[in-house]
Amino acid sequence: MRTHYCGELRSTHGHQEVTLCGWVDRSRDHGGVIFIDLRDRTGTVQVTVAPEGSAQVFHQAEQLRNETVLRISGHVRLRPEESVNPKLPTGTVEVVATDLTVLNSIQGALPFAVSVHDEEPVREELRLRHRYLDLRRQRMQRNLALRHQVMQTARRFLDEQGFLEVETPMLTRSTPEGARDYLVPSRVCGGEWFALPQSPQLFKQLLMVGGVERYYQLARCFRDEDLRADRQPEFTQLDLEMSFLSQEQILAINEHLVAHIWKTALGVQLPIPFPRLGWSEAMARYGTDCPDTRYGLELTDVSDLVADLSFKVFSQAVARGGVVKCLAIPHGNERLSNVRIKPGGDVFAEATTAGARGLAYIRVRDRGVLDTIGAIKDSLGPEQARALLERCGAEPGTLLLFGAGDAATVNKALDRVRQFLARELQLIPANTWNFVWVVDFPLLAWNKDDQRLEALHHPFCAPHPADVHNLAQARAQAYDLVLNGLEVAGGSLRIHSATLQQQVLEAMGFSADEARRQFGFLMDALAMGAPPHGGIAYGVDRLVMLLAGEESIRDTIAFPKTQQARCPLTAAPGSVDPDQLKELHVASTWVDPDST
RNA sequence: GGGACCGUAGUUCAACCGGUUAGAGCACCGCCCUGUCACGGCGGAAGUUGCGGGUUCGAAUCCCGUCGGUCCCGCCA
């Protein structure tokens with residue numbers, strides 16, 4: 001049908017006969033001569049319809065609307081020097097049309113402009129409803145190509161490293177822990193249900209027991225939780241698992257994989273190895289387990305310095321086993337007004353949204369003068385003040401913001417304020433890729449709501465060998481890869497001993513029976529010669545989002561869902577025929593609110 | 001489950017503190033134009049201001065509800 005692609009034509013194609021297929025990106029009718037910008041996946045090229053040619057072709061060209069699907073035959077002509085368009089890769093040539101076939105015409109109004117020249121934002125619901133049009137636009141073409149490139153690069157790299165791509169079931173069993181499952185009723189086994197996988201975690205471990213040794217999969221995963229800019233109900237993981245490798249060996253392979261992807265997709269040479277940061281240190285310095293290290297604004301613990309103050313907010317927080325931490329903002333005095341850091345202000349709101357009760361502050365003026373609320377001023381002696389300023393690295397002009405309370409809340413609040421201020425004060429350098437491995441996570445964490453210990457990652461992470469006799473306090477041999485403050489991958493060495501797996505499940509409050517019932521198949525497998533193994537999983541959508549400079553993973557997914565987990569294009573989810581439910585032995589308890 | 005913001009022509013936006021016939025760019029339709037490339041010129045059509053109710057002499061504007069979308073909290077091992 002075609003001999004060339006639009007975007008690839010150059011002066012070297014001069015005088016060749018070509019046939020092109022594509023869409024009318026735009027056309028310019030000068031009465032006597034008509035120019036058509038013909039677009040395909042590779043770009044656009046100018047097609048010229050001259051009056052000297054066929055009258056029928058000229059007549060057809062006069063009728064064209066944007067997005068008409070065309071096949072055009074003609075010869076490539078070098079443009080006259082004064083008509084060369086330096087803005088276009090194909091700007092030195094044009095195709096003089098001798099034949100023009102309309103393969104499909106446009107009926108009715110287009111919901112939005114597709115042209116490569118059109119940068120106008122379009123309401124997202126409209127883009128999703130007509131995603132097939134949106135995908136034609138440059139931005140989505142680029143994002144899909146980038147996604148493809150990431151996936152292909154990973155496949156090639158992992159293939160070369162001896163990894164086997166293995167598919168695991170989409171219809172599997174529901175397991176406790178983790179997110180809400182998407183359930184699928186079984187017609188054949190009445191009353192029983194499959195779950196769609198939240199990740200291939202157990203299967204990839206079973207593949208290790210199965211002697212695959214190196215596995216990977218671009219795995220679709222499903223979690224029935226509320227959506228965010230970076231969370232969709234179905235998403236894609238690049239899932240890896242390896243046997244007989246140490247944690248350091250696993251991290252090294254992944255560093256090469258990531259460096260390879262960045263080199264291929266962006267031409268950027270990442271320095272490897274990536275820095276390693278202990279979880280405790282990350283929490284202490286940044287208040288989060290996924291720190292953005294592109295800027296400073298690190299947190300300082302001042303609990304010991306303020307424990308005895310008469311300012312009760314500080315001293316009581318410490319007395320109750322909590323902490324007081326400080327976020328020091330250089331030049332904060334001039335850059336942040338009191339209105340913003342006091343109740344009602346945007347900075348204050350960031351802290352309270354994260355659960356903080358308030359946001360104490362001290363403005364450091366010249367000659368050690370402190371500008372703050374009376375209660376703090378009255379409470380701080382000169383010695384204490386000096387120690388505080390020194391600890392926080394404060395200088396005249398510095399604004400100190402304080403969080404006080406239990407460690408989790410303080411960290412969460414100051415982390416949020418820190419990120420907010422970095423954006424507001426434009427402290428984030430452009431084109432910076434700061435990777436960091438966060439390691440030595442706690443194995444278990446206390447869940448206040450359920451009054452029990454639960455796995456921080458998942459129940460199959462191996463505890464640090466030195467910590468196995470105190471599982472409640474144990475570190476896990478787990479690692480997250482963090483890029484610019486976002487978790488892009490997470491993994492661990494796994495438990496390969498049935499006995500230890502049993503102990504960890506018990507520590508999490510599973511009875512022996514319950515553990516047996518839920519995870520018996522795993523423990524049986526571990527008992528039959530499971531090799532030491534471990535792995536990692538990348539959030540592909542998020543990775544592509546970061547590479548593309550997008551702010552939502554929806555822009556990296558061909559057909560994403562809205563925040564209500566709907567698809568405006570297909571109108572899914574939708575109702576089904578009652579007979580379908582009956583066949584599946586399912587009855588709906590849903591009551592339409594309008595009918596009551 | 002909760003909070004915030006948004007919804008005006010096919011589309012992107014405007015319309016001040018409630019006050020003339022709800023405007024503009026692009027797209028669309030018609031006419032003109034032989035070197036443009038986001039072509040240009042002249043003219044035209046296009047609106048249940050998401051939907052429902054209320055306040056008012058008067059509502060795109062204020063209030064309540066509702067639907068849809070976005071961001072966030074909870075939730076997401």
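Here is the naming used below: chain letters follow the sequence lines, and residue numbers restart at 1 for every chain. What you see below is based on every heavy atom in this structure, not just the backbone, and it leaves out hydrogens, waters and symmetry mates.
Sequence order on RNA chain B of the closest nucleotides to A:A109 and A:R65 puts A:A109 first from the 5' end. Both A:Q563 and A:N85 lie close to RNA chain B; mapped to their nearest nucleotides by heavy-atom distance, the more 5′-ward contact belongs to A:N85.
Using a 4.0 Å heavy-atom criterion, one finds that A:R554 contacts the sugar-phosphate atoms exclusively. Here A:I34 lies out of heavy-atom contact (under 4.0 Å) with every strand. The residue A:D29 sits close to a base: some heavy atom pair falls under 4.0 Å. Within the 4.0 angstrom heavy-atom criterion, base atoms lie near A:R77.
Within the structure, a side-chain polar atom (N or O) of A:T562 is placed less than 4.0 Å from OP1 or OP2 of B:G69. Contact between the side-chain N/O atoms of A:R228 and the OP1/OP2 oxygens of B:C73 is found at a separation under 4.0 Å. Look at A:K412 and you won't find any side-chain N or O under 4.0 angstrom from OP1 or OP2 of B:C73. A:R127 has no side-chain polar atom (N or O) that falls below the 4.0 Å cut-off from OP1 or OP2 of B:G69.
Of the candidates B:G35, B:U11, B:U34, B:U34 carries the atom nearest the A:E52 side chain, counting heavy atoms from C-beta on. When each of B:U36, B:G69, B:C72 is scored by its nearest atom to the side-chain atoms of A:A229, the top-ranked nucleotide is B:C72. Distances from the side chain of A:S552 to the nucleotides B:C71, B:U34, B:G74 place B:C71 closest. Checked against B:C75, B:G35, B:C37, the side chain of A:L88 finds its nearest nucleotide in B:C37. Considering only the side chain of A:V122, B:U11 comes nearest among B:U11, B:G1, B:U36. Comparing B:C75, B:U70, B:U36 by their closest approach to the side chain of A:Q46 singles out B:U36. Taking only side-chain atoms of A:D118, from C-beta outward, the nucleotide of B:C73, B:U12, B:C26 with the closest atom is B:C26. In the set B:C37, B:C76, B:C71, B:C37 carries the atom at the smallest distance from any side-chain atom of A:R28.
The shortest distance between side-chain heavy atoms of A:C221 and A:Q198 does not fall below 4.5 Å. Counting heavy atoms from C-beta on, the side chains of A:S115 and A:R137 never come closer than 4.5 Å.
Applying the Watson-Crick and G-U wobble criteria (two distances, each under 3.5 Å), B:C28 pairs with B:G44. Nucleotide B:U70 forms a Watson-Crick or G-U wobble pair with B:A4, both donor-acceptor distances falling under 3.5 Å. A 3.5 Å limit on both hydrogen-bonding distances identifies no Watson-Crick or G-U partner for B:C75. Base pairing analysis places B:U20 opposite nothing; no Watson-Crick or G-U wobble pair with both distances below 3.5 Å involves it.
Look at the C1' atom in both B:G2 and B:A46: the space between them is 42 Å, to the nearest Å. Annotation: B:C26 and B:U66 have their C1' atoms spaced 33 Å apart (nearest Å). When the C1' atom is used for both B:U20 and B:A15, the distance is 13 Å, rounded to whole Å. Rounded to a whole angstrom, the distance from the P atom of B:G7 to that of B:C17 is 15 Å. With both ends at atom P, the span from B:G50 to B:A59 equals 15 Å, rounded to whole Å. B:C64 and B:U70 have their P atoms separated by 24 Å, given to the nearest Å. Taking atom P in both B:U36 and B:C31, one finds a spacing of 24 Å when rounded to whole Å. When the P atom is compared between B:C71 and B:U61, the two are found 27 Å apart, to the nearest whole Å.
For the 3.5 Å distance criterion, the side chains of A:T556 and A:N143 fail to qualify, holding no donor opposite an acceptor. Checking A:Y538 against A:D239 by side-chain atom types alone, no donor-acceptor pair falls below 3.5 Å. No side-chain N or O of A:S511 forms a donor-acceptor pair with one of A:D513 less than 3.5 Å apart. A donor-acceptor contact closer than 3.5 angstrom links the side chains of A:E454 and A:N447. For A:T48 and A:E94, the side-chain atoms include at least one donor-acceptor pair closer than 3.5 Å.
With hydrogens and angles ignored, no donor-acceptor pair under 3.5 angstrom links the side chain of A:R129 to the base of B:G68. Between the side chain of A:R231 and the base of B:C75 there is at least one donor-acceptor pair of N/O atoms closer than 3.5 Å. Donor-acceptor pairing under 3.5 Å, judged by distance alone, is present between the side chain of A:R79 and the base of B:U36. Between the side chain of A:E125 and the base of B:U70, no donor-acceptor pair of N or O atoms lies under 3.5 Å. Applying the 3.5 Å distance criterion, the base of B:G68 shares no donor-acceptor pair with the side chain of A:Q564. Below the 3.5 angstrom threshold, one finds a donor paired with an acceptor across the side chain of A:E120 and the base of B:G25.
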How does protein contact run along nucleotides 41-46 of chain B, one letter per nucleotide 5' to 3', with B for base contact, S for sugar-phosphate only, - for none, heavy atoms under 4.0 Å? ------
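Rounding to the nearest 0.5 Å gives a distance of 6.0 Å between CG of A:L100 and CG of A:L64.
Between the side-chain ring of A:H30 and the base of B:C39, a stacking contact exists by the 5.5 Å and 30° definition. A stacked arrangement is assigned to A:F35 and the six-membered base ring of B:U36, with a centre-to-centre distance below 5.5 Å and an interplanar angle below 30°.
Regarding A:L126, its CG atom lies at a distance of 6 Å from the P atom of B:U12, rounded to whole Å.
Ion pairing of A:E550 with A:R139 is present here, as a side-chain N (NZ or NE/NH1/NH2) and a carboxylate O approach within less than 4.0 Å.
Applying the salt bridge (charged side-chain N to carboxylate O under 4.0 Å, His left out) test to every pair with at least one member in residues 52-67 of chain A, sequence neighbours left out, gives these pairs: A:R39-A:E67, A:E67-A:R136.
Between the side chain of A:Y479 and the backbone N or O of A:S492 there is at least one donor-acceptor pair closer than 3.5 Å.
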